[in-house]
A.B. asks: 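Take this structure, written in structure tokens, and hold onto it; I'll ask about it next.
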Number of protein chains: 2
Amino acid sequence: MRPRVAPSPDLSSSLSACIARRGLKSTRQRQAILGAFLASSGHVTVVDLLARARAADPGVSPATVYRTLRLLAECGLAKPQRFHGSPTMYEIVAGREHHDHLVCTRCGRVVEFEDARIERLQTAVARARGFTVTSHRMELYGLCRLCRPARPGRKAGSAGRRSRAKRR
Amino acid sequence: MRPRVAPSPDLSSSLSACIARRGLKSTRQRQAILGAFLASSGHVTVVDLLARARAADPGVSPATVYRTLRLLAECGLAKPQRFHGSPTMYEIVAGREHHDHLVCTRCGRVVEFEDARIERLQTAVARARGFTVTSHRMELYGLCRLCRPARPGRKAGSAGRRSRAKRR
DNA sequence: CCGGATTTTGAGACGCACTCTCAACTACGC
DNA sequence: GCGTAGTTGAGAGTGCGTCTCAAAATCCGG
Ligand SMILES: [Zn+2]
Ligand SMILES: [Zn+2]
Ligand SMILES: [Zn+2]
Ligand SMILES: [Zn+2]
């Protein structure tokens with residue numbers, strides 16, 4: 001029922017809408033951050049986003065990135081995801097359907113999935129315990145194809161190395 | 001279906017074992033903390049645990065609770081659970097089987113459950129995406145039986161209820 | 001039971017990821 | 001342009017947890 005909207009100008013207008021509706025103002029910084037966010041694919045950290053936004057407009061401070069991200073979340077454009085062991089990541093939410101995550105504990109790659117059977121079972125289980133579920137979180141941690149140890153003949157390093165250096 | 005071992009001396013000996021094995025020492029504080037932890041049921045925060053441990057022995061500092069909890073985790077006796085919106089909670093792990101959690105967003109109650117069908121589907125989904133799962137986290141958030149609004153014909157609780165009632 | 005090596009402890013400094021405060025600075029309608 | 005309300009950056013503050021370090025406790029061999 002949701003029209004699928006390719007990540008495009010549309011979304012930024014939807015921010016303007018939300019901004020207008022609340023009597024807020026459109027600023028250089030917000031544009032830069034929104035631009036960087038929409039241009040990103042997948043899941044971004046505040047640090048990532050700050051860097052990208054600064055590429056477009058050096059005058060962007062971390063505080064503003066935090067604030068704008070919160071605004072985007074309130075407008076239903078972004079959604080924070082807190083994966084184990086890394087700072088909060090944000091993903092584009094507009095027009096996408098619910099999904100859960102597979103997270104590679106080695107390279108940090110995040111893969112999304114959705115499984116209606118699991119979702120149904122979750123609801124059923126909850127109901128059986130007297131709960132009315134309003135949201136859930138499900139993350140599967142493990143090794144992705146490329147990080148899986150010692151498969152002969154496989155080269156894991158070439159294309160796949162997503163940045164994601166995590167300290168701990 | 002599991003032989004229910006009442007939280008008993010067994011576990012504390014298993015700590016001594018782990019302590020001995022690593023050349024560590026048994027101290028008053030560790031006893032107090034372990035005692036408080038084992039006597040607790042369900043999921044405890046550091047603050048909770050500190051209070052309980054101090055009841056038994058006033059000379060226990062927060063730092064030591066953190067340290068001991070980490071030790072317990074390394075010994076496989078405790079497991080940290082980070083639920084959305086509350087500080088890390090620890091639960092007794094020894095001899096129990098894996099489970100996931102239902103969390104009431106209003107009163108904070110935590111209910112455990114385990115569903116083999118879901119677990120199987122998780123593994124299957126992961127494999128289909130090329131992942132080897134080593135662990136997962138699944139939490140269902142919502143309202144428990146007692147917190148569910150007694151619907152006088154009108155649907156009261158939308159998604160947003162944020163109130164944080166600490167359970168005691 | 002003692003002495004000394006070694007571990008542990010408490011207090012407070014520190015770190016990280018955020019949020020808040022506030023004075024200076026826009027954006028924007030008139 | 002003006003005025004005003006919203007916005008920004010810098011830095012202080014907060015929550016939660018870890019680290020540092022000197023003093024204290026544990027343990028072990030004698
Ligand atoms: Zn990987
Ligand atoms: Zn996602
Ligand atoms: Zn409840
Ligand atoms: Zn549990």
Side-chain angles (χ1 to χ4, degrees), chain A residues 12 15-34 36 43-51 53-54 56-75 78-90 164-168, chain B residues 15-34 36 43-51 53-54 56-75 78-90 108 162 164 166:
Chain A
S12 43
L15 175 67
S16 337
C18 182
I19 280 184
R21 193 178 327 125
R22 304 159 138 228
L24 305 181
K25 292 173 181 173
S26 165
T27 67
R28 227 179 58 241
Q29 291 89 333
R30 279 175 185 167
Q31 312 266 331
I33 295 167
L34 177 64
H43 306 76
V44 222
T45 65
V46 165
V47 175
D48 283 347
L49 198 52
L50 177 62
R54 276 186 167 159
D57 179 340
V60 174
S61 71
T64 299
V65 173
Y66 280 109
R67 284 188 288 232
T68 303
L69 242 11
R70 192 170 31 175
L71 176 62
L72 292 181
E74 284 165 7
C75 293
K79 184 174 178 202
Q81 295 286 355
R82 316 169 97 100
F83 300 131
H84 187 160
S86 52
T88 303
M89 300 192 142
Y90 294 81
R164 241 3 283 115
K166 59 210 172 120
R167 82 323 266 260
R168 184 159 301 222
Chain B
L15 175 67
S16 338
C18 182
I19 279 184
R21 193 178 325 124
R22 303 159 137 229
L24 305 183
K25 292 172 181 174
S26 166
T27 67
R28 227 178 59 240
Q29 292 88 333
R30 280 176 183 166
Q31 312 264 333
I33 295 168
L34 177 64
H43 306 76
V44 224
T45 64
V46 166
V47 174
D48 282 348
L49 198 52
L50 177 62
R54 275 185 168 159
D57 179 340
V60 174
S61 72
T64 299
V65 174
Y66 279 110
R67 285 187 289 230
T68 303
L69 242 12
R70 193 171 27 176
L71 176 63
L72 291 182
E74 285 164 7
C75 294
K79 184 174 178 201
Q81 295 286 355
R82 316 169 87 103
F83 300 132
H84 187 150
S86 52
T88 302
M89 299 190 144
Y90 294 80
R162 213 54 302 186
R164 192 75 222 98
K166 211 69 205 303

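Computed from heavy atoms alone, side chains included, the values below leave out hydrogens, waters and symmetry copies. Convention: sequence-line order gives letters A, B, ...; per-chain numbering from 1. Please read all numbers here as calculations on a predicted model, not as lab measurements.
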A.B. asks: Considering heavy-atom distances to DNA chain D, does Thr68(A) or Ser26(B) have its closest nucleotide positioned more toward the 5' end?
C.D. replies: Thr68(A)
A.B. asks: To the nearest angstrom, how far is Glu74(A) atom CD from dT19(C) atom P?
C.D. replies: 11 Å
A.B. asks: If you compare all heavy atoms of Ala36(B) against all heavy atoms of Ala53(B), which two are closest, and at what distance to 0.1 Å?
C.D. replies: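 For Ala36(B) and Ala53(B), the tightest heavy-atom pair comes out as CB-N, 3.8 Å.
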A.B. asks: What heavy-atom pair brings Ser26(A) and Gln31(A) nearest, and what distance separates the two atoms?
C.D. replies: OG-NE2, 2.5 Å
A.B. asks: Separation of Leu24(B) atom CG from dC27(D) atom P, in whole Å?
C.D. replies: 11 Å
A.B. asks: Does a nitrogen or oxygen in the side chain of Ser61(B) sit under 4.0 Å from OP1 or OP2 of dT9(C)?
C.D. replies: no
A.B. asks: Any protein N or O atoms within reach of nucleotides 17-19 of chain D? Criterion: under 3.5 Å, listing atom names and distances.
C.D. replies:
{"residue": "dG17(D)", "atom": "OP1", "partner": "Thr88(B)", "partner atom": "N", "Å": "3.4"}
{"residue": "dG17(D)", "atom": "OP1", "partner": "Thr88(B)", "partner atom": "OG1", "Å": "2.7"}
{"residue": "dG17(D)", "atom": "OP2", "partner": "Tyr66(B)", "partner atom": "OH", "Å": "3.0"}
{"residue": "dC19(D)", "atom": "OP2", "partner": "Arg70(B)", "partner atom": "NH1", "Å": "3.4"}

A.B. asks: Roughly, in whole Å, what's the span from NE2 in His84(A) to P in dC16(C)?
C.D. replies: 17 Å
A.B. asks: So Leu34(A) and Thr68(A), do their side chains get closer than 4.5 Å, heavy atoms only?
C.D. replies: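 The answer is no; the side chains never approach within 4.5 Å.
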A.B. asks: Taking atom types as they are modelled, is there a donor-acceptor pair under 3.5 Å from the base of dA5(D) to the side chain of Lys25(A)?
C.D. replies: yes
A.B. asks: Is Leu24(A) close to Leu71(A) at the side-chain level, that is, under 4.5 Å between some pair of heavy atoms?
C.D. replies: yes
A.B. asks: Within this structure, what is the CD1-to-C1' distance between Ile19(B) and dT6(C), rounded to whole angstrom?
C.D. replies: 15 Å
A.B. asks: Can you find a pair of side-chain heavy atoms, one from Arg67(A) and one from Thr64(A), that are under 4.5 Å apart?
C.D. replies: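 Sidechains of Thr64(A) and Arg67(A): in contact.
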A.B. asks: Between atom CG in Asp57(B) and atom P in dA25(D), what is the gap in whole Å?
C.D. replies: 12 Å
A.B. asks: Mind listing the closest non-hydrogen atom pair of Pro62(A) and Arg54(A) along with its distance?
C.D. replies: CD-NH2, 3.9 Å
A.B. asks: What's the CG-C1' distance between Leu71(B) and dT7(C), to the nearest Å?
C.D. replies: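 So the CG-C1' distance, Leu71(B) to dT7(C), works out to 12 Å.
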A.B. asks: Compute the angle between the rotation axes at the two ends of the helix from dC1(C)-dG30(D) to dC30(C)-dG1(D), each taken over five pairs, rounded to 10 degrees.
C.D. replies: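 The two end axes of the helix from dC1(C)-dG30(D) to dC30(C)-dG1(D) meet at 20°.
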A.B. asks: Measure the shortest side-chain to side-chain distance between Val46(B) and Thr88(B) over non-hydrogen atoms and say whether it is less than 4.5 angstrom.
C.D. replies: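 Not touching, per the 4.5 Å side-chain cut-off.
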A.B. asks: Which heavy atom of Leu50(A) sits nearest to which heavy atom of Val60(A), and what is that distance?
C.D. replies: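 Scanning both residues, the minimum pair turns out to be CD1-O, 3.6 Å.
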A.B. asks: Tell me: CZ of Arg28(A) to C1' of dC28(C), nearest whole Å?
C.D. replies: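 The answer, rounded to whole Å, is 16 Å.
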A.B. asks: Does atom CZ (Arg22(A)) have a neighbourhood of more than 12 heavy atoms from anything else shown, all under 6.0 Å?
C.D. replies: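 Check passes, neighbour count above 12.
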A.B. asks: Do the side-chain N or O atoms of Thr27(B) get closer than 4.0 angstrom to the phosphate oxygens (OP1, OP2) of dT7(C)?
C.D. replies: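 For Thr27(B), the contact criterion (side-chain N or O under 4.0 Å from OP1 or OP2 of dT7(C)) is not met.
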A.B. asks: Rounded to whole angstrom units, what separation is found between the CD atom of Gln29(A) and the P atom of dA24(C)?
C.D. replies: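 Gln29(A) atom CD is separated from dA24(C) atom P by 18 Å.
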